[in-house]
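Beneath this line is the structure, given in structure tokens, with notes to follow.
A quick note: this is a predicted structure, and the numbers were derived from the prediction, not measured.
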Amino acid sequence: MLERLLPEMDIPFDAAVSRSASDCPLHLQVTDRDRYTLNLRLTYEFTDENGMRRQPDLWIRVYRDAGVAEALQCSQRPPWLAADEADPAAHAFLSEQWRRNLMLNKWLEYLLEHGHGFGMSERPRVAAAV
């Protein structure tokens, strides 16, 4: 589903906003580019008396070579040393990872239903050099 929202994984811009007639503006920010991965952030931005807040605020890693994505809570995984499969920290992390990925999938469905996308027509325009 991410490829429908973002048809080109070789994104030529660092940030963009998708607008929908029936939903809030969706902000995309590329946070890191690598040969095989792309890290990005998808969020709505709200301003209230406490300032700007992002919600939901999903950090996503796209594995270009495998064609899959995962929702990250942060840019690095927790630094535990799992001696066996019964490690409670490993179990807790994987359980949370499952919930984040499930949330990502459901949110992507919602965004696509509301017409969001970052294809050619939604790209930020760069002024041509004169």
Hey, is Glu109 close enough to Lys106 for a salt bridge, meaning N to O under 4.0 Å?
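The answer is no: the pair does not qualify as a salt bridge.
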Taking the basic N atoms (NZ, or NE/NH1/NH2) and the acidic carboxylate oxygens, is any pair closer than 4.0 Å for Asp34 and Arg61?
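Judged by the 4.0 Å cut-off on N to carboxylate O distance, Asp34 and Arg61 do not form a salt bridge.
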When you check the side-chain N and O atoms of His114 and Ser20, is any donor under 3.5 Å from an acceptor?
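No, because no side-chain N or O of His114 sits under 3.5 Å from a partner of the opposite role on Ser20.
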Is a side-chain N or O of Gln97 found less than 3.5 angstrom from the main chain of Ala71, in a donor-acceptor match?
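At least one qualifying donor-acceptor pair exists.
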Whether Thr47 side chain and Met52 backbone form a donor-acceptor pair below 3.5 Å:
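Answer holds: no.
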Close side-chain approach of Asn105 to Met1, heavy-atom, < 4.5 Å:
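Asn105 vs Met1: side chains touch.
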Report the C-alpha distance between Leu26 and Val17 in whole Å, list the side-chain angles of each, state the deciding distance to 0.1 Å, and finish with yes or no for side-chain contact (heavy atoms from CB on, under 4.5 Å).
CA-CA 5 Å; Leu26 176 66; Val17 178; over 6 Å; no
Begin with the C-alpha distance, continue with both residues' side-chain angles, and end with the deciding distance and a verdict on side-chain contact (heavy atoms from CB on, under 4.5 Å) for Asn39 and Val62.
CA-CA 6 Å; Asn39 289 354; Val62 179; over 6 Å; no
Is [Y] reachable from [X] through a run of I, L, V, M, F, W or Y residues, each pair having side-chain heavy atoms under 4.5 Å apart?
X	Y	value
Phe13	Leu42	yes
Leu112	Met103	yes
Leu108	Trp98	no

Sole residue of Val30, Asp57, Leu58 in side chain to side chain contact (heavy atoms under 4.5 Å, CB included) with Arg41
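The residue from Val30, Asp57, Leu58 that satisfies side chain to side chain contact (heavy atoms under 4.5 Å, CB included) with Arg41 turns out to be Asp57.
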Nearest 0.5 Å, please: how far is [atom2] in [Y] from [atom1] in [X]?
X	Y	atom1	atom2	answer
Tyr36	Arg64	OH	CZ	11.0 Å
Leu5	Leu28	CG	CG	7.5 Å
Asp65	Thr37	CG	OG1	8.5 Å
Asp48	Arg53	CG	CZ	5.0 Å
Ser18	Leu111	OG	CG	8.0 Å

What heavy-atom pair brings Thr43 and Pro56 nearest, and what distance separates the two atoms?
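What the structure gives for the nearest pair is OG1-O, 2.8 Å.
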Assess the residue pair Leu104 and Ile60 against the criterion (side-chain contact (heavy atoms from CB on, under 4.5 Å)); give the C-alpha distance rounded to whole Å, side-chain angles, the decisive distance to 0.1 Å, and a yes or no.
CA-CA 9 Å; Leu104 171 62; Ile60 302 164; 3.5 Å; yes
CZ (Arg33) with more than 12 external heavy atoms under 6.0 Å
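Atom CZ in Arg33 is packed in, count exceeds 12.
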Between Tyr110 and His116, does a side-chain contact (heavy atoms from CB on, under 4.5 Å) hold up when you go through it step by step?
CA-CA 9 Å; Tyr110 175 86; His116 282 291; 6.0 Å; no
Below 30° counts as parallel, above 60° as perpendicular, anything between as tilted: where do the rings of Tyr44 and Trp107 land?
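Taking Trp107 first and then Tyr44, their aromatic rings stand perpendicular (interplane angle over 60°).
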